[in-house]
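Written out below as structure tokens is the structure these notes cover.
Keep in mind the model is a prediction, meaning the values are calculated, not measured.
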Amino acid sequence: MALREKQEQILNLAKENPAFTSELLGGELTKLDALVQSFIELSVNCARYNDYLKSIDVDEMERDLRRYQQILDRSDDEEKRSLAQKNLAVVGKRKEKYAEIKGYLSNARGQLELIENSFRLIADQIVTMRSPGELSGQLDELLDGVEAVQQTAKDTERILQAIER
């Protein structure tokens, strides 16, 4: 909601700046809508991934890794060793995927902060801007960053689906 309010403030400030005509500004300000929508999508993904990560007991994974490694190191029974090796590999992959999701979450949160801070900066700057082109560069850069995080979100979604199977 705060981001939408900041968007409204930017729109009102832009209308008050005589250097902007509505035709020139219209294209740039529609990018704000795309950023707000992306912000919402990223926020939803962050909440979901955060909930998922909270459901994982990392200490338990570590204990399992140590236990399977001990079986491999100490057992003479080939069947036990084979099962321990397979379990070790699966739990190791789970740990890697956990780290990937955690990394995505950190990047997405950083992108959310960047969008919020950029909206604040744009509101601060729009009063003195002389052309929509100045605004365009900032918005395009933000959109590029959001697209990169969204692609990572798709990759993370595939990871989660694979884990859930």
Next item on the list: For Ser55 and Tyr52, indicate whether the former's side chain and the latter's backbone hold a donor-acceptor pair under 3.5 Å.
Entry: yes
To the nearest 0.5 Å, what is the distance between [atom1] on [X] and [atom2] on [Y]?
X: Leu53; Y: Tyr104; atom1: CG; atom2: OH; result: 11.5 Å
X: Cys46; Y: Phe39; atom1: SG; atom2: CZ; result: 9.0 Å
X: Ser43; Y: Ile115; atom1: OG; atom2: CD1; result: 8.0 Å
X: Ile40; Y: Gln37; atom1: CD1; atom2: CD; result: 5.0 Å
X: Asn50; Y: Ile101; atom1: CG; atom2: CD1; result: 11.5 Å

[X]: which residues meet the side chain to side chain contact (heavy atoms under 4.5 Å, CB included) condition with it, sequence neighbours left out?
X: Asp57; value: Asp59, Glu60, Arg63
X: Lys86; value: Ser82
X: Val90; value: none

Who are the side chain to side chain donor-acceptor pair (under 3.5 Å) partners of [X], not counting sequence neighbours?
X: Lys95; result: Glu62
X: Asp73; result: Gln69
X: Asn87; result: none
X: Gln9; result: Lys6

Next item on the list: Scan residues 112-122 for pairs that pass salt bridge (Lys or Arg N to Asp or Glu O under 4.0 Å), counting only residues two or more places apart or in two chains.
Entry: none
Check: Can you find a pair of side-chain heavy atoms, one from Asp33 and one from Gln7, that are under 4.5 Å apart?
Finding: yes
Notebook entry, point to check: Heavy-atom distance under 4.5 Å between the side chains of Leu65 and Arg94, does that happen here?
Noted result: no
Notebook entry, point to check: Taking all non-hydrogen atoms of both residues, which atom of Leu72 and which atom of Ala84 are closest, and how far apart?
Noted result: CG-CB, 4.2 Å
Note to self: Among residues at least two apart in sequence or on other chains, which ones pass salt bridge (charged side-chain N to carboxylate O under 4.0 Å, His left out) with Arg67?
What the structure shows: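 Partners of Arg67 under the salt bridge (charged side-chain N to carboxylate O under 4.0 Å, His left out) test: Asp64.
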Next item on the list: Name all residues meeting the salt bridge (charged side-chain N to carboxylate O under 4.0 Å, His left out) criterion together with Glu79; count only those two or more places apart in sequence or in a different chain, and write none if there are none.
Entry: none
Margin query: Any carboxylate oxygen within less than 4.0 angstrom of a Lys/Arg side-chain nitrogen, looking at Glu96 and Lys93?
Written below: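 Here Glu96 does not pair with Lys93 in a salt bridge, since their nearest N and O are not under 4.0 Å apart.
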